Every structure is written in structure tokens, then in C-alpha cells.
Protein chains: 2
Amino acid sequence: RKRILVTGGAGFVGSHLVDRLMLQGHEVIVADNFFTGRKRNIEHWIGHENFELINHDIVNPLFIEVDQIYHLASPASPPHYMWNPVKTIKFFILGLARRVRARFLFASTSEVYGDPEVHPQKETYFGNVNSFGPRACYDESKRVAEAMCYAYAKQERISIRIARIFNTYGPRMHMNDGRVVSNFILQSLQNESITVRNTPYIYGTGKQTRSFAYVSDLIDGLISLMNSNYSSPVNIGNPDEYTIEQFALIIKDLVGANSSLAFKEAVTDDPQQRRPDITLAKTLLNWQPRVKLIEGLNKTIAYFRNELLVKH
Amino acid sequence: RKRILVTGGAGFVGSHLVDRLMLQGHEVIVADNFFTGRKRNIEHWIGHENFELINHDIVNPLFIEVDQIYHLASPASPPHYMWNPVKTIKFFILGLARRVRARFLFASTSEVYGDPEVHPQKETYFGNVNSFGPRACYDESKRVAEAMCYAYAKQERISIRIARIFNTYGPRMHMNDGRVVSNFILQSLQNESITVRNTPYIYGTGKQTRSFAYVSDLIDGLISLMNSNYSSPVNIGNPDEYTIEQFALIIKDLVGANSSLAFKEAVTDDPQQRRPDITLAKTLLNWQPRVKLIEGLNKTIAYFRNELLVKH
Ligand SMILES: NC(=O)c1ccc[n+]([C@@H]2O[C@H](COP(=O)([O-])OP(=O)(O)OC[C@H]3O[C@@H](n4cnc5c(N)ncnc54)[C@H](O)[C@@H]3O)[C@@H](O)[C@H]2O)c1
Ligand SMILES: NC(=O)c1ccc[n+]([C@@H]2O[C@H](COP(=O)([O-])OP(=O)(O)OC[C@H]3O[C@@H](n4cnc5c(N)ncnc54)[C@H](O)[C@@H]3O)[C@@H](O)[C@H]2O)c1
Ligand SMILES: O=c1ccn([C@@H]2O[C@H](COP(=O)(O)OP(=O)(O)O)[C@@H](O)[C@H]2O)c(=O)[nH]1
Ligand SMILES: O=c1ccn([C@@H]2O[C@H](COP(=O)(O)OP(=O)(O)O)[C@@H](O)[C@H]2O)c(=O)[nH]1
Ligand SMILES: O=c1ccn([C@@H]2O[C@H](COP(=O)(O)OP(=O)(O)O)[C@@H](O)[C@H]2O)c(=O)[nH]1
Ligand SMILES: O=c1ccn([C@@H]2O[C@H](COP(=O)(O)OP(=O)(O)O)[C@@H](O)[C@H]2O)c(=O)[nH]1
């Protein structure tokens, strides 16, 4: 039994991680400023003796005693990044890890590979990221954070873990973050053709690819990685790859929408292909994703339906 | 006539820039914490009515009124970076630029290209940087700073300039920063074979290349860029390319040392080739380097000789 801090624990990924850690019997402390997270995601734990919630902005110092830190706090969606890029790169939390000698897992991202010219992406690939463009803030913040983890590990002998997380979906994901899973499900549920709301639908040709992991698989991976003894980056994602057009059709079918597909201008620096090579995670952690896309999407669609009901 | 802030103005590049701006009749304010810079580099201006020196660490806010900011402050040498990676990426100075609507030039680096797979390097090349390795702190700090410049330019309509500076040498450069120019000159002047001090000399095969610009050429480039209307990154460097082995021989000859060359283990993630494509700077700024390597090295060697005399 350990004392574990989860920054960003009220968010999509964080709240699922908290559920799992609580069920395993750990003491869990969540530090979140509710910038994109919601109290509702974790309210079922409030009052539990092993659980503590701190309303805390990680741009400020934090002094607590813990054994492990899952550092997930960070706006996950590019528009949030643009809002205040300065704040995204302050990193007191490594100072905390140093003081209390906690093991530190950093939630990095497949975005460190940028628009990859190597496919699928292995951890040894250095990436193809535009440092001076609209996505740069998010991508480069994650890259420099990896660099700082490396420096702290070398200089301060902090035990670190780097999870390069690929696109993940599931219940509690944000409905209005403009990402593809939420947009497509919402648009299909509202039975809209793109033209109705006049919102973008498929950006560009739709031939660009992504590989989507269900959130429970990601949580398995994060926990295995934390408890491994490997301190270099590890991809955590599902290698099951789809074009965005295929993906739109799958969601439309599952929802039973008879909307048509529409196309909009491509996004600047939009990665054209993305699929994790998970050989390392398989070998090292004996981990691999188990949830099939259809199964995961059905659970996610059910969550969205329910949320829409609650809202109206 | 303008009010111009030069952060890092007591450093190698900064002090030469200050000289030029002062001679052009501007009001110049230097903000420096003398971490790697020296008062001696700018002491000839102290007392001049157009000159002001502020002992200031740029990790803290700064409130002054200026028209232009050359942001050069940042430890230039990797060992300095490792010392405190957290401090390198705080960036209040963009807040200053925003408030006073100053034009902002950021001293970026060829290191954003990492170990380049494209040769020579054009500004459109996204680079090949290891985000998780010993050089990562320096490289990624520069990359995320470019990203933040981009974000501030877009969101806050700040007028920004990005100079990607390639290896530069000349008088006032650091004698003990472990970089190739200073090491080779010092070692030759002290007429050492590598074995004497038992210090590394050529790291790796010596077949890796660099392209060296003399500092006065760099200053021309920086000032032209600042006063241009181009806000994307521009390479400033000398395309004259040498292998490190050639470079060692040239310096040995110029100094007249009869030391031999020796070889040491290669450095991790050492870029194997580097040469700027300066087509953009030529076209845009009508700029190109004018000082020949031999000429520039002779001036630099003279400076080093004199420094060694003063010291002993
Ligand atoms: N979801 C994905 O597909 C995905 C993919 C790659 C990487 N990641 C990374 O995983 C992590 C979690 O992502 P998510 O999808 O759960 O996002 P999320 O937005 O749901 O969760 C982030 C949480 O961090 C909190 N937070 C943000 N800024 C904070 C601050 N300054 N102080 C304290 N708390 C703060 C938010 O309130 C939120 O609860 C992020 O670091 C993200 O970059 C996610
Ligand atoms: N010299 C090169 O070959 C080269 C190549 C690429 C990029 N650059 C960039 O050009 C800039 C200047 O380089 P340089 O060679 O003159 O280095 P330098 O070390 O001589 O100058 C840097 C100056 O910044 C000051 N400084 C450092 N941290 C500071 C802080 N927190 N607050 C205030 N001042 C601080 C130092 O005291 C020093 O005077 C740097 O940003 C460097 O990364 C230089
Ligand atoms: O338990 C701790 C220890 C440190 N810090 C912060 O982490 C930052 C970096 O601390 P560290 O000791 O690593 O570096 P330094 O203070 O030497 O810059 C500092 O601003 C501390 O306030 C923190 O928030 N909690
Ligand atoms: O409504 C949308 C939202 C996204 N996308 C595309 O779907 C892919 C995944 O986008 P998302 O923003 O979800 O994630 P990321 O690009 O970060 O992987 C990208 O190619 C987007 O251009 C789309 O076609 N329509
Ligand atoms: O003249 C100024 C204006 C701002 N800042 C600092 O720059 C940072 C970023 O300021 P900005 O206004 O861009 O962003 P915000 O305060 O909204 O984060 C702040 O910490 C300010 O203290 C500064 O040092 N000098
Ligand atoms: O004493 C030295 C110092 C550097 N180098 C090599 O010279 C090149 C330039 O190194 P430096 O640190 O000066 O600059 P950078 O790598 O940042 O261009 C690199 O390939 C180094 O491995 C060398 O052979 N001997």
C-alpha cells in the first residue's frame, strides 16, 4: 500500500487511474485545479478514508509526502494550450519528487513524434515536430518536460517513468474539446450532417490515420510502467489503425445516424499517420491493449447519450 | 534612435551587439545576471549617457519601457544547462514585450535541428532532436521558446523575430566552456598534446562537421533581422563547413603548435553534420557572412593569447 499523488486526477485519464488505484487499496491524493477536469469524475471517492482531493494549480509549489506521483495535469487539448502557454511549462512538481524521493511518472504523448515520417512509431524515433507553428506549444511543452525528467533523473537520481500516450477515448472524456472522437460521436448523436451546424467534420482528405486506445487499457499500461524498473520513454497505445474517414463511418454506424460525411479544410501541421509500435511495452511490461474498438466505442457512446440526457 | 533592451548583454554575443547598437546611437539597456557573462565585456560603456546596466535574473519579472528586445540571456553551454534546467525555461520576458509592445528577437540556435538528416539545414526542416537525452535540455528549451514566441505572436500580436544562430566564435568568447573553438585554441596555445592534460581532444572520429561564423557577421545578421518585417525563423550562420579534424589542424597551424591530435570517445547525440542554408537570410535581409575563417580565427587567437597573459 502506497501514498500516491495523481496530478490532473479529476480529468478524463486521471479519474480512471484514481478508480483503479483506490480499488487496489492505495492512499490516493488528487491535485487538480479543475481547469478541464470535473469534480463529478471523482465525487464517488470523496469522503473515503484513503482519498484526498486538493484544489491546487501545479504552477505553484506543493508540499506533501508521497511515494509515487502520476503527473497528468496539463491541458490536453490544443486550444487550451494556446490560452496560456507560459503556464504550461512550469514544473514545480519535479521539485516535489526530488524532495520526497517519489517515483515520478510523466504523461507524455505521441505528439512528441509530430507528423511522423517513420511508421509505426518506435520510442527511438526522434520525431518530426514543427517548433514554430500552431501545435508547437503542446508538442514542445511535452518534449521539454521529457528533457527535464531526463535531467532530474540524471542529476537528482529521481526515479522517473515516461509514458508516451497515444490517442485515448472512453467515458468521461470531454464532450466539447474539439477532438475527433467527441466531435464525431456528438455530431452523429445529434444526427447532423456537417452542414447543419456548419461545423467542420473531416479535416482534410480523411486519409490521415490515428490509432485509438480505450481508457482502461491505458490505465493498465500506466500502472505497469510505474511499477516497472524502466526509466526511458515507453509508448502506450493501441496499434489498431484507422483512417479518419473509416473512423467517421464506424461511429456513424454504431450510433445509427443517417448523416452524411462532409469535408473541411485541412489543419496546419496535422500528423498524417500515427500508430504506436508497442513492442517495448509488450516485452517490458507484458502489456497490450485488450479492448476492441467497437466495444470501447459502444461504452463511450452510451456515456455521451447519458450526458446529453442529463444536460437537457 | 530607439530604446533597446539586450538580455544577456554582458555575454559573448551580447556584448558585441551592445557595441554595435551603441555606435549606432541607440539607448541600450543590458539585463544580465553575470552567470556566464562578464562586466569586463561591456565596462567601456559604463558611464555613457545612452547606456544602462541592470543586474537582473530573467527568471524574475522586469518592468521597463523599451522599443526593442534582443533576448540573448540563456546559458549557451550544455554543462550550464544541466545545472538548473528549471530556470532555463521561464520566460517572463515575453510578458514584458507584450506589455510595452516591443519588437522581440529571440536568440534560437541550430541545435533545434539536432543531429540533422537533411543537409544543409533549411528553416523548414523540423529537426532530429532527441527529447530524452543529455543535450535535450538545451535543445528543447530553445524549441519550446520558439513555440512560445509563435503563440505570443499569434495571440498577443507581438512582433517577433527568431534567429537560429549557428556556431559562432570571436573575441570575448568563453575560454573554459568546453566548446570546440576554445578547447582547440587553448590546447594549441598551451602546446599540449592531448595526453599532457589528459583532456579530451577530438571527440569521436573527427569526421563530424561544423560551420563557424565570426561574431561580427552574426551581429550584422541579428540587427538586419530585427529591422526586417519577417517573423518566422531565419538561419544566421556561415555555410563554410569543416570536419572537426580539419578544424583542429587549421587551429594548430595558425597557432604554430607542434602538438599532435588525439581522439576520445564520441559524445552522446553529437550532431554529425551541420551547415546552415542561408538562402533565406540572403534573399530577405541581403545579408551574408564576410569574415573568412583564417581572419576570424587569427583575431580570436590574439584575444586568447592576451587573456592568458593577463591571467598569469
Ligand atoms: N487523452 C488522450 O488521448 C491523451 C493523449 C496523449 C497524452 N495525454 C496526456 O494525458 C494527461 C491526461 O489527459 P486527459 O485526456 O485526462 O486530459 P484532461 O484535460 O481530462 O485532464 C487533465 C487534468 O489536469 C487538470 N489540470 C490542468 N491544468 C492544471 C494545473 N495547472 N494544475 C492542476 N491541475 C491541472 C485538469 O483540470 C484536468 O482534470 C495529459 O497530460 C495529456 O497531455 C492524453
Ligand atoms: N555562441 C554561439 O555559438 C551560439 C550559437 C547558438 C545560439 N546562441 C545563443 O545566443 C545567445 C548568446 O550566446 P553567447 O554565446 O553570447 O552566450 P554567453 O553565455 O556569453 O551569454 C549569455 C549571457 O546571458 C547571461 N544570462 C544567463 N542566464 C541569465 C539569466 N537568467 N538572467 C540574466 N542573464 C542571464 C549570461 O550572464 C551571459 O552574459 C544565447 O541565447 C545562446 O543560446 C549562441
Ligand atoms: O516538495 C517540494 C519541493 C520543491 N518544490 C518546488 O519545486 C521547485 C524546484 O525545486 P528544486 O529543489 O528541484 O530546485 P531549485 O529550488 O533548486 O530550483 C521549487 O520552486 C520548489 O518550490 C515543491 O513544490 N515541493
Ligand atoms: O472534427 C474533427 C476533429 C478532428 N479531425 C481529425 O481527426 C484527427 C485526430 O484529431 P484530434 O484533434 O482528435 O487528435 P490529434 O490530432 O491530437 O491526434 C486529425 O487528423 C484531425 O484533423 C477531424 O477530421 N474532424
Ligand atoms: O512588463 C512586464 C509585463 C509582464 N511581465 C511578466 O511576464 C509574465 C507573463 O505576463 P503576461 O502578461 O504575458 O501573462 P500572464 O500574466 O497573463 O500569465 C508575468 O509573470 C509578468 O510578471 C514582466 O516581467 N514585465
Ligand atoms: O574539445 C572538443 C570539443 C568539441 N569537440 C567536438 O566539436 C564539435 C562541436 O562541439 P561544440 O561543443 O563546440 O559545439 P556544438 O556541438 O554545440 O556545435 C562536436 O562534434 C564536438 O564533439 C571536440 O572534438 N573536442
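Basis for what follows: all heavy atoms, side chains included, without hydrogens, waters or symmetry-related copies. In what follows, every chain begins at residue 1, and chains take the letters A, B, ... in the order their sequences are listed. Keep in mind it's a predicted model, so treat the numbers as computed, not measured.
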Asks: Within this structure, what is the CG-CZ distance for the pair B:D139 and A:F126, rounded to the nearest 0.5 Å?
Replies: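 If we round to the nearest 0.5 Å, B:D139:CG and A:F126:CZ are 10.0 Å apart.
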Asks: Could you state the interatomic distance from CD (A:E117) to CD (B:E117), rounded to the nearest 0.5 Å?
Replies: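 The distance works out to 8.5 Å.
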Asks: Donor-acceptor pair, distance only, cut-off 3.5 Å: does the side chain of B:R143 make one with the backbone of A:V129?
Replies: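 Yes, B:R143 side chain to A:V129 backbone: donor-acceptor pair under 3.5 Å.
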Asks: Kindly compute the distance separating CE (B:M148) from OG (A:S141), expressed to the nearest 0.5 Å.
Replies: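 Between B:M148 CE and A:S141 OG, I get 8.0 Å after rounding to 0.5 Å.
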Asks: Between A:T124 and chain B, with a heavy-atom cut-off of 4.5 Å, which part of the residue counts as in contact: side chain, backbone, both or neither?
Replies: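 For A:T124, there is no contact with chain B at all, as no heavy atom is under 4.5 Å.
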Asks: Can you name the closest pair of heavy atoms from B:A147 and A:C137 and give their distance?
Replies: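 In this case the closest contact between B:A147 and A:C137 is CB-N, 3.9 Å.
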Asks: How far does CD1 of A:I162 sit from OG of B:S131, to the nearest 0.5 angstrom?
Replies: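 The CD1 atom of A:I162 sits 8.5 Å away from the OG atom of B:S131.
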Asks: To check you understand the geometry: which heavy-atom pair defines the closest contact between A:S231 and B:F132, and what is its length?
Replies: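 Looking at all heavy atoms of both residues, the closest pair is O-CZ, 3.2 Å.
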